[in-house]
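In what follows, every chain begins at residue 1, and chains take the letters A, B, ... in the order their sequences are listed. Note that the structure is a prediction, hence the values are computed from the model and not measured.
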Amino acid sequence: MTALAGARAPGPDAPARAPRARLANWIFKPRGPEAGEVLLDRRRVFIFPSRYGLGFAVSLLAFLAASINYDLALGYVLTFYLAAAGLTAMLHTFGNQVQLRLSPLDAPAVFAGETAVFRVVLDNRRDDERAAIWVKSAHAAVAHDLPAASATVVEVRVPTARRGRLPAPRLTIDTRFPLGLFRAWSYWQPALDCLVYPAPAGAHLAFPEAPAGSGDGIPRGDGTEDFAGLREYRDTDNPRHLAWKTVARSLAAGTPLLAKQFTGAAAAECVLDLDALGAIPDFEARLSRLTRWVLDADAMRLRYALRLGARTLGPAQGEAHRRACLEALALAAPPPAA
Amino acid sequence: MRLPRLFPAARDALGADRAAQALPAGRSAMQTLLIAIVPVLLPHLAHLPGWCIAFAGLMFAWRAWITWADARGDAALPGRLLLLFLMLAALAATLYTHRTVFGRDAGVTFVTVLLSLKLLEARTRRDVVVAILLSYFLILTNFFYSQSIGTAALMLAALWLITAALIAASRDAAPMAPARLARLAATILAQALPMMLLLFVLFPRVQGPLWGLPADARVGVSGLSDSMSPGLITELSLSDGIAFRVSFSGVPPRGADLYWRGPVLSEFDGRNWRASAPNPMRPARFEPAGAPVDYEVTLEPSNRPWLFALEMPTRLPAFGRLTADLQPVTDRPVSARLRYTARSYPGYRALATEESADLAPYLALPPRSNPRTRELMATWQLQNADPRALVERALRHFRTEEFFYTLEPPLLDNHAVDEFLFVARRGFCEHYASAFVVMMRMARVPARVVTGYQGGEINPVDGVFTVRQSDAHAWAEVWIAGAGWTRVDPTAAVSPARVERGLSGALPQRFAAPLLSRLAGDWGAQWAARARLNWEALANKWNQFVLNYSPDRQRETLERIGMKAPTWQDMVAAMSIGVGLSVLAIAAWILKAARERDPVKRAWLSLCRRMARRGLPRLPHEGALDYAERAAREMARRGMPAQRAAALREAAAAYAALRYGRESATVTPARFARLARAV
């Protein structure tokens, strides 16, 4: 795997491994991320005996020697039948994988530290099941039985550590069905990126005080919105104000649902400014703090603006704004090394 | 497993990942394997030692209980320590029973207990696959004992079930329904059948053995012996085992001429007859006379260097020769089925003269044995000393006195011939031949015992004679001046039917008739006889064409289908081509099933693939027309010729029309295929 990666993007040590990389390149023809549906045609499916296949072959040699030595006609029959069945199974294994169609589906954004889920579609148009198809990445391997003439959505889970765009890993699709003596495999890197937001900092951090006289022109309300208490939920209420923590209890007791009530007539506003967090030395930690605030502000249905250096988003409110802010945070370029 | 680092992907291919080791479908694989083991081990019950049957049976039952009934599943399997202890105990028991773990019987015992213990520790796929390979090997071991059609059928069933178990073990996500498992295994075996036949016919055959056969490789092969002790055996086994088969090229000789000559016994110590040491200096001498008989013999392995031919053969195969006693022999013990042609003259005359010194051994008798017989012979000699008259007299004696032919004679004591002639008066061929030769020697007539087979049963279905171990016979030869060695069969005097119609003619019904015919009466008997003859004709074909496919037979067969003087290189070349063609045929079948059936869709997908290679892939959400529009714009932007974009648009429009439009005469699949190719 590493050699192949090296082949695609020759590193500093490329000259030393060039012949091997070229050979691997020539055999496996790495293609990089592929958008759109990929058909595993003959040229894309490789096949080689598995360890059990080698063990099987060695056993057959022993069977043959015994048949010759003891002059067992039926020993020959058994040996040749097993050899023929092995070869037939090779073709079945190949057929189990070839003409399979792969396409990327989506990869919902996650916060750093969570598991990214790349969803891909394995489309089996054969009138027969394709059994025991493995989808393997460096992190996980899961087997799937793909029913006849249907598409199956497969999730590839990859742990995340850093914010940014996480490309889908290169996947190995492989199978040994039906006899396990051969392994057919293909490489595929779906063109899917998972947007990884920064990990939100610890909960319940006070919102930043707007620096006095900052003169940024953002109209502000007369105070942050204060939680004032609970009342019965009405159908016209914004569902965001539903007191979710009490829902289970309410439903169980059969009592009416409760809504949170806030003081202040207009939605309050705040500015979340990266530069205002200069006290925190680590750039990533500042982004984490901002992420937390974006989430809190959104949960409280505030109008908020996010300022990252020269770029300002909002003020606005709602799902689209939240997503835009988080994406900006995920992709924020770090300042030039100080 | 270390592979050259040149092929990291090949190393990857050998499956280094541990995740693949887990076996979600393990229970189904184990159940299938446990069922498959039943037909594999069934025939072995006849020769496995009792402790092994009990031990392995217990282990299999234990494993079956865990697999089917124990809710804990594999967690209920015994610990390694217990298994190690059981393993050592089984090894000790094997050594105690067989004194070795090598060789045929010990090997089968050991592999059986090994398999039973392997199943009890099988948790991973690797364990199950090892157990499956052991089971395949146990199929092979069955052929050490029997290669009959029945065994082959049973083992085919076993092969099928074990293969189903291997499929079950290769399921990684969910287990497979038993019926589908069985069907897939049958499909694979059916597709593999032509390739197996090709390999069987064309794989260059080597004459075994490659290494020394263990001493027990051929035990249990019954047959004639080079010694005979009448009076010590009280029950002759009626073995139905086949000694050899004969097909005559012309009219078969009469039953009374069917004497198949074997070892000649001339040394007698009062109890046992033994063959005299061969004297290579003396040539075999006789004169052919009468009409010759040509035939082909298929001899079953006997582990003896004897060939069998009708009395008296003038032509034997290159590896055979006649001893001075006129016994056809070969140089090596016959350890594999052997075929040869021969020509005999049943009307031969052994006219050759023998020196009196040469005849001395045929007159030797232990002193002071059998006084009453000696007395009787002295009386006869006084009456008429002519050898022919003495032979006649003896035969008349057997015929007129109260002698009986039986396979269950009484034991005889030291003066065995006295007791046989004057007291017991019942016995089978060995008793009569032995007594007759002793009588002749006492009367100074050179005589010897000849053993072999007499008769044989013709199968009207294919005209092949079958000679069985139960057709073993012993008769006598006397030396008569002017006539040479002359055959005398004293048994025929007592029970002419024994010689005319074979053994079953000589015995009361109780011995000869098969059970079925005794129960079902006449019609049933006829039906049973016909069925048996058909079956035996089939078995003969099986022997000829499957079991006896030797290097010679292979050359013969290949020449018949048109290969001239095939060398092993020719065979390997033909085999490779044949296997390659079979692989292609199966591949075409399998790939056809995997491909997109619809030709229109196929052409469209092929077009999209070609476009994707040029960097213009169709996006998953794009329809044909949208895609063509976008791609055409992109092509124009890249400065590609306009007619190519136009061709793409046209092809996409045709595709959309075919797929989603009304039926039209102008847009046909063929036209679309042409357009798609033109892009």
Side-chain angles (χ1 to χ4, degrees), chain A residues 1-4 20 23-24 28 35-37 39 46 48 50-52 55-56 59 63 65-78 80-85 87-89 91-92 94-95 98-99 103 125-128 131-132 134 136 141 143-145 176-180 183 185, chain B residues 1 6 8-10 12-15 17 19-20 129 133 136-137 139-140 143-144 147 152 159 163 166-167 169-174 176 184 188-189 191-192 195-196 199-200 203 206 208-211 213 217 336 546-547 549 583 586-587 590-591 593-596 605 609 612 617-620:
Chain A
M1 293 286 262
T2 48
L4 294 177
R20 188 179 357 142
L23 182 60
F28 296 113
E37 187 181 78
L39 172 74
F46 307 105
F48 201 76
S50 65
R51 271 186 312 166
Y52 302 130
F56 186 77
S59 305
F63 288 12
S67 305
I68 294 174
N69 198 54
Y70 288 84
D71 197 22
L72 297 176
L74 292 188
Y76 282 109
V77 171
L78 176 71
F80 294 149
Y81 213 165
L82 286 175
L87 277 179
T88 308
L91 300 169
H92 278 268
F94 191 78
V98 79
Q99 299 287 324
S103 44
R125 302 215 180 148
R126 202 161 75 150
D127 288 341
D128 205 357
W134 286 86
K136 296 175 180 171
H144 303 270
D145 294 329
R176 297 165 207 232
F177 194 78
L179 291 194
R183 170 174 179 261
W185 78 102
Chain B
M1 162 124 338
L6 187 63
D12 188 23
L14 289 177
D17 58 293
V129 171
L133 289 180
Y136 279 138
F137 182 70
I139 292 189
L140 185 78
F143 301 142
F144 287 134
Q147 300 196 72
L159 179 70
T163 305
L166 191 53
I167 296 174
S170 305
R171 288 289 290 209
D172 293 303
M176 204 169 182
L184 183 55
I188 291 177
L189 288 182
Q191 288 172 342
M195 226 189 298
M196 180 272 276
L199 287 169
F200 184 81
F203 184 86
V206 188
L210 297 175
W211 66 88
L213 291 178
V546 180
L547 302 189
Y549 196 70
V583 166
I586 302 170
I590 289 174
L591 296 187
R595 275 179 67 175
E596 177 69 56
L605 288 171
R609 271 202 301 282
R618 186 172 67 86
L619 301 180

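Residues meeting the side-chain hydrogen bond (donor to acceptor under 3.5 Å, both in side chains) test with B:Gln147, sequence neighbours left out: none. Taking B:Phe137 as the reference, A:Phe63 meet the ring-ring contact (aromatic ring centres under 6.0 Å, His included) condition, with sequence neighbours excluded.
With a 4.5 Å cut-off on non-hydrogen atoms, B:Phe200 touches chain A through its backbone and its side chain both. The parts of B:Ile188 that come within reach of chain A are both its backbone and its side chain, each placing non-hydrogen atoms under 4.5 angstrom from that chain. If you measure heavy-atom distances from B:Val583 to chain A, the contacts under 4.5 Å come from both the backbone and the side chain. Using a 4.5 Å cut-off between heavy atoms, B:Ile586 touches chain A through backbone and side chain atoms alike.
Residues B:Ala152 and A:Leu74 share a closest heavy-atom pair of CB-CD1, 3.9 Å.
Between the CG atom in B:Leu166 and the CG atom in A:Leu179 there is a gap of 5.0 Å [rounded to 0.5 Å].
You'll find the side chain of B:Ile167 reaches within 4.5 Å of the side chain of A:Phe177, heavy atoms only.
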Determine, step by step, whether B:Asp172 and A:Arg176 satisfy the salt bridge (Lys or Arg N to Asp or Glu O under 4.0 Å) criterion, reporting the C-alpha distance in whole Å, the side-chain angles of both residues, the deciding distance to 0.1 Å, and the verdict.
-> CA-CA 9 Å; B:Asp172 293 303; A:Arg176 297 165 207 232; 5.9 Å; no
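Annotation: maximal heavy-atom pairing with chain B below 4.5 Å, among A:Gly55, A:Ala84, A:Ser103, occurs at A:Ala84.
Checked options A:Val77, A:Leu82, A:Leu78; the residue passing with B:Met196 is A:Val77 (criterion: side chain to side chain contact (heavy atoms under 4.5 Å, CB included)).
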